[in-house]
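Working notes, beginning with the structure itself.
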Amino acid sequence: MGALFIRDIRLGLRAGGGVLIGILFFLAVIAVIPFGVGPDLKLLARIGPAMLWIGALLATLLGLDRLFQADRDDGSLDLLIMAQERHMLALTILVKCLSHWTVSVLPLVIASPLLGLFMNMEPPAIGATTLTLLVGTPAITLIGAVGAAVAVSLPRGGLLVSVIILPLTIPVLIFGVSASYGAVEDPAPFLAPFLILAAITLFFAVLGPLAAAAALKSSTD
Amino acid sequence: MRLVAENLGGERGGERLFSGLDFAVSAGNALLVTGPNGAGKSTLLRIIAGLLVQAEGAVHLESPPQPYESLVAATHYLGHLNAMKPVLSIDENLRFWQSFNGAGRCSIVEALERVGLADIGHLPFGYLSTGQKRRASIARLLISDRPVWLLDEPTAGLDKASEMQFTGSMQQHLAGGGIIVAATHLPLGLAAKELSLGAAA
């Protein structure tokens with residue numbers, strides 16, 4: 001399993017593009033918002049956490065369709081499925097999700113404080129948003145694994161994956177953003193939505209790989 | 001150990017390719033699956049590998065050797081695709097499969113020597129020629145032990161010398177009590193039973 005994690009990280013870094021495209025997209029989305037919204041600094045600070053979350057969500061969706069497609073194209077997926085008595089398939093998928101998250105989503109989380117400055121956010125808001133992104137984005141990857149597994153046999157499944165999983169990621173977005181606001185606005189609570197966000201991630205850490213394994217098993221032809 | 005298929009039927013896209021197939025291969029023997037294109041050779045191999053569901057009948061491994069519990073767990077599958085990542089080097093690819101599938105009798109260096117790629121193990125897999133890719137993929141069979149080998153056109157793209165080397169590897173595998181089921185158009189140089197699909201059906 002460690003070998004699979006290391007291989008996927010190597011692939012993600014070496015194939016190039018993967019990491020950079022996500023960050024560039026994230027940067028592009030956040031960078032154009034101040035131009036679109038106008039020079040109202042208060043308004044920018046107000047919508048900042050939500051914009052960071054939406055940007056990160058869309059950037060995360062961007063590379064998800066390749067999660068299993070690359071392995072299917074070169075035949076590795078067959079062997080990963082065949083090894084399921086040695087390594088439970090759901091566990092294999094969880095490891096693939098973790099390495100995908102580490103390579104293509106963790107950089108977004110790391111870049112988000114910098115982009116928060118673009119939005120004139122206060123340090124506590126930046127900190128809270130980064131923290132909620134760190135906790136919440138794994139859920140998006142794990143939900144995405146289900147969509148990627150369902151669409152793995154479709155040649156142009158990219159957009160389809162996003163459309164399939166977008167409704168399921170809405171709760172992550174809602175609780176992520178409300179926790180970020182909770183940290184800076186007084187009456188709103190931080191801990192409750194933050195804990196729900198963590199719970200969503202843990203819930204999909206179990207359900208996502210299991211569902212994706214079932215989808216992959218029935219997708220072989 | 002015996003690989004047994006009873007009344008096996010396979011279909012692809014709703015069309016029945018073969019049905020009522022009975023065969024048994026015992027340890028140390030090979031089965032060559034022959035037949036025209038589209039006769040269902042690859043389908044048969046994928047059914048044995050557990051990657052496709054059979055339309056009827058059953059295939060199983062009688063008394064699988066320890067520590068393998070079932071047919072799929074005891075099987076190496078070499079399909080049309082090489083299951084190697086083009087951006088990783090041959091060494092890295094093989095090292096991954098060895099730690100994922102478990103170490104075998106043969107180390108990676110030995111396996112590369114046996115397929116004649118010892119000098120270029122550091123090259124990215126994507127740079128290799130078709131035949132070299134196939135040889136690297138054959139090395140994957142050698143580095144992890146599995147008693148049953150399912151080979152789909154294993155010698156496609158190989159030159160004469162590599163074919164001979166591969167025949168040697170297969171004979172060694174059979175001598176060690178292994179089973180080989182190979183779909184092929186070319187003679188593999190093995191004394192083997194032949195199962196002809198298509199013509200008989």
Side-chain angles (χ1 to χ4, degrees), chain A residues 1-20 63 66-96 98-100 103-104 149 152-153 155 213-221, chain B residues 10-14 42-43 45-53 61 64 67-89 91-103 124-126 133-134 136-137 140-141 143-146 148 150 152:
Chain A
M1 280 296 144
L4 181 65
F5 185 74
I6 291 168
R7 180 194 76 152
D8 275 19
I9 293 218
R10 268 205 194 117
L11 282 175
L13 295 178
R14 218 173 281 181
V19 184
L20 269 180
R66 295 299 292 167
L67 192 55
F68 302 117
Q69 194 118 49
D71 275 338
R72 183 192 154 85
D73 288 349
D74 64 19
S76 305
L77 190 61
D78 287 341
L79 300 186
L80 296 183
I81 292 174
M82 278 180 71
Q84 56 181 304
E85 277 174 46
R86 221 180 127 77
H87 306 289
M88 201 178 133
L89 188 55
L91 212 58
T92 305
I93 291 168
L94 182 66
V95 170
K96 281 190 75 69
L98 284 180
S99 58
H100 180 267
V103 171
S104 35
V152 69
S153 55
L216 281 184
K217 267 184 225 167
S218 60
S219 77
T220 53
D221 56 4
Chain B
E11 58 181 26
R12 204 85 192 237
S42 298
T43 305
L45 290 191
R46 289 184 72 83
I47 286 175
I48 300 175
L51 293 167
L52 275 181
V53 181
L61 195 63
Y68 310 102
E69 281 174 14
S70 70
L71 173 59
V72 174
T75 298
H76 257 320
Y77 173 67
L78 178 68
H80 291 286
L81 301 166
N82 291 316
M84 299 280 191
K85 297 291 174 189
V87 292
L88 299 184
S89 73
D91 275 332
E92 285 169 329
N93 269 305
L94 290 177
R95 226 175 309 135
F96 162 69
W97 283 120
Q98 186 169 46
S99 50
F100 193 78
N101 283 334
F125 183 74
K133 282 180 179 164
R134 206 61 183 159
S137 199
R140 176 172 62 75
L141 304 180
I143 53 172
S144 304
D145 289 338
R146 294 285 186 278
V148 180
L150 300 178
D152 200 347

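The figures that follow rest on heavy atoms only: side chains count, while hydrogens, waters and symmetry mates do not. Every chain is numbered from 1 and lettered A, B, ... according to where its sequence line falls, protein lines coming before strand lines.
Contact detail for B/F100 and A/A83: the closest heavy-atom pair is CE2-CB, 3.5 Å.
Residues satisfying the side chain to side chain donor-acceptor pair (under 3.5 Å) test with B/R140, not counting sequence neighbours, are none. Residues passing the side chain to side chain donor-acceptor pair (under 3.5 Å) test with A/S76, sequence neighbours excluded: A/D74.
Proximity to chain A (any heavy atom under 4.5 Å) is restricted, for B/N82, to the backbone atoms N, CA, C and O. If you measure heavy-atom distances from A/D73 to chain B, the contacts under 4.5 Å come from the backbone alone. Looking at A/I81, the atoms closer than 4.5 Å to chain B (heavy atoms on both sides) all sit in the side chain, from C-beta outward. Neither the backbone nor the side chain of B/T43 comes within contact range of chain A; no heavy atoms are under 4.5 Å apart.
Here the side chains of A/D78 and B/R46 are in contact, with some heavy-atom distance below 4.5 Å. For the pair B/R146/A/M82, no side-chain contact is recorded, criterion being any heavy-atom separation below 4.5 Å from C-beta on. Two residues are said to be in side-chain contact when any heavy atoms from C-beta on lie closer than 4.5 Å; A/L79 and B/H76 fail this criterion.
In terms of heavy-atom pairs under 4.5 Å with chain B, the best-connected choice from A/T92, A/L80, A/L77 is A/L80. Heavy-atom pairs under 4.5 Å with chain A peak, among B/E92, B/Q98, B/M84, B/K85, at B/K85. Contact count against chain B (heavy-atom pairs under 4.5 Å) is highest for A/H87 among A/H87, A/E85, A/M1, A/Q84. Considering only heavy-atom pairs separated by less than 4.5 Å from chain A, the leading option among B/A83, B/G13, B/G50 is B/A83.
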- Can B/N93 and A/R7 be said to form a side chain to side chain contact (heavy atoms under 4.5 Å, CB included), step by step? CA-CA 8 Å; B/N93 269 305; A/R7 180 194 76 152; 5.5 Å; no

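Formation of a donor-acceptor pair under 3.5 Å by the A/R10 side chain with backbone atoms of B/V87 is not found in this model.
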